[in-house]
2 protein chains.
Amino acid sequence: MARPGGRSARVQEAVHTAVRELADEVGRDALTVPLIAARAEVTPSTVYRRWGDLQALLSDVAVERLRPEAPPEDLGDLGSDLRAWAEQFLDEMGSPAGRAYIRDALLGDPDGSNAGQCSAYAAEQVGVVLARAADRGETAPDVETVLDHVVAPMMYRILFRPSGHDAAYARRLVAEVLDAQV
Amino acid sequence: MARPGGRSARVQEAVHTAVRELADEVGRDALTVPLIAARAEVTPSTVYRRWGDLQALLSDVAVERLRPEAPPEDLGDLGSDLRAWAEQFLDEMGSPAGRAYIRDALLGDPDGSNAGQCSAYAAEQVGVVLARAADRGETAPDVETVLDHVVAPMMYRILFRPSGHDAAYARRLVAEVLDAQV
């Protein structure tokens, strides 16, 4: 394992930053390992040694970008919290940038660990919402139920049926999973 | 539009066959357009002109392989039919070959039409099962409900949580969606 703050962490930070900057400047499809290495001021072989290939590097960068920046907002009750979180998730993941990151995360990920990390982020955010509900004494579904019946249908539409999702869809999935609790 | 049976259809057939054969012989990661073109007895530029790049070609081949070969089996009642279909879907799509095809179908698919086709195949098969149930006078959920609460959770696990699915999981999702109808 690399020591945090050591050379390994600095290389990762520089390379990830180079990918993000260059993707904005020249577009994702024009990225190459030599281009990224030059911007990050490392050798191409450093990149190949650490990430294997461009796709694996893009997958790691995508997962970093999909990491939630803050816990879900506390709006005072389970329905409001879960609705707001689901609407925001669908909006962000269903945007062109979100879809590109999800695709990158799924590719270049032979052992499935980056895809698993994406799901773990969602589970963690949902877990915060449900734990708050439990603290308030509200009846709440468990995390797995919300993953299966709210997160999964949204992600399925994002990936397989890009035109079929909007905030009303997210709200309906949340209403159904909460109704099923009663 | 290409006339069925014309040169265009023959080229497609030859190129798809070449991809399938070579994937078995040398492995998917060793495929190149020149290799495929040579086996299909067409020029590389024919392949580039028609498909754009290797990833787009692999996406088309993957969708062909994901096309269901037969309608779901008729076992006499909705519960049995939907359970059997869901178990088989999870088994096939969750296999290493199935996951590779789904990933290929999702990539090299800039307009989302191949991903949409994958979802349309599932919707069609589910539609057959539900129409049979209606003919028998059984109460059945609609296709969208089954896509959201049976197909989507299975696909989410296949893509994002590769270790968390088995036949019991498929049966539980079907039982829940049918219970919710009562």
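Convention: sequence-line order gives letters A, B, ...; per-chain numbering from 1.
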Visitor: Hey, are the side chains of Arg172(A) and Asp148(B) touching, using non-hydrogen atoms and a 4.5 Å cut-off?
Guide: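 SC-SC contact between Arg172(A) and Asp148(B) confirmed.
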Visitor: Are Leu107(B) and Leu31(A) connected in a single hydrophobic cluster, I mean Ile/Leu/Val/Met/Phe/Trp/Tyr linked by side-chain heavy atoms less than 4.5 Å apart?
Guide: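 The answer is no; the residues belong to distinct hydrophobic clusters.
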Visitor: Does any heavy atom of chain B fall under 4.5 Å from the side chain of Gln117(A), the backbone, both, or neither of them?
Guide: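 Neither part; nothing is under 4.5 Å.
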Visitor: Check the hydrophobic clustering (I, L, V, M, F, W, Y; side-chain heavy atoms under 4.5 Å; chains of links allowed) and say if Val26(A) and Tyr101(A) are grouped together.
Guide: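 No, Val26(A) does not connect to Tyr101(A) through the hydrophobic network.
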Visitor: Answer yes if Ile102(B) and Leu147(B) sit in the same cluster of Ile, Leu, Val, Met, Phe, Trp and Tyr residues linked by side chain heavy atoms under 4.5 Å apart, and no otherwise.
Guide: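 Cluster IDs for Ile102(B) and Leu147(B) match.
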Visitor: Is any side-chain heavy atom of His149(A) closer than 4.5 Å to a side-chain heavy atom of Val177(B)?
Guide: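 No, every pair of side-chain atoms sits at 4.5 Å or beyond.
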Visitor: Does one hydrophobic cluster hold both Leu75(A) and Val146(A), with members joined at side-chain heavy-atom distances below 4.5 Å?
Guide: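 Shared cluster, no.
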Visitor: Output the distance between atom CG (Leu106(B)) and atom CG (Leu106(A)), rounded to the nearest 0.5 Å.
Guide: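 Taking CG in Leu106(B) and CG in Leu106(A), the distance rounds to 7.0 Å.
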Visitor: How close do Pro153(A) and Ala152(B) get, counting heavy atoms only, and between which atoms?
Guide: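 Between these two residues, the closest heavy atoms are CA-CB, 3.6 Å.
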Visitor: Looking at every heavy atom in both Tyr156(A) and Ala122(B), which two are closest together, and how far apart are they?
Guide: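 Closest approach of Tyr156(A) to Ala122(B): OH-CB, 4.3 Å.
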Visitor: Do Val126(B) and Ile158(B) sit in one hydrophobic cluster, given that two such residues count as connected whenever their side-chain heavy atoms are within less than 4.5 Å of each other, even indirectly?
Guide: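 Yes, Val126(B) connects to Ile158(B) through the hydrophobic network.
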Visitor: Quick one: closest heavy-atom pair of Arg161(A) and Ser119(B), and the distance?
Guide: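 The pair with the smallest heavy-atom distance is CD-OG, 3.3 Å.
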Visitor: So which of Val151(B), Leu159(B), Asn114(B) has the biggest tally of heavy-atom pairs under 4.5 Å with chain A?
Guide: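 Option with the top pair count is Leu159(B).
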Visitor: Please say whether more than 12 non-hydrogen atoms of neighbouring residues, nucleotides or ligands are located less than 6.0 Å from CD in Glu21(A).
Guide: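 Yes.
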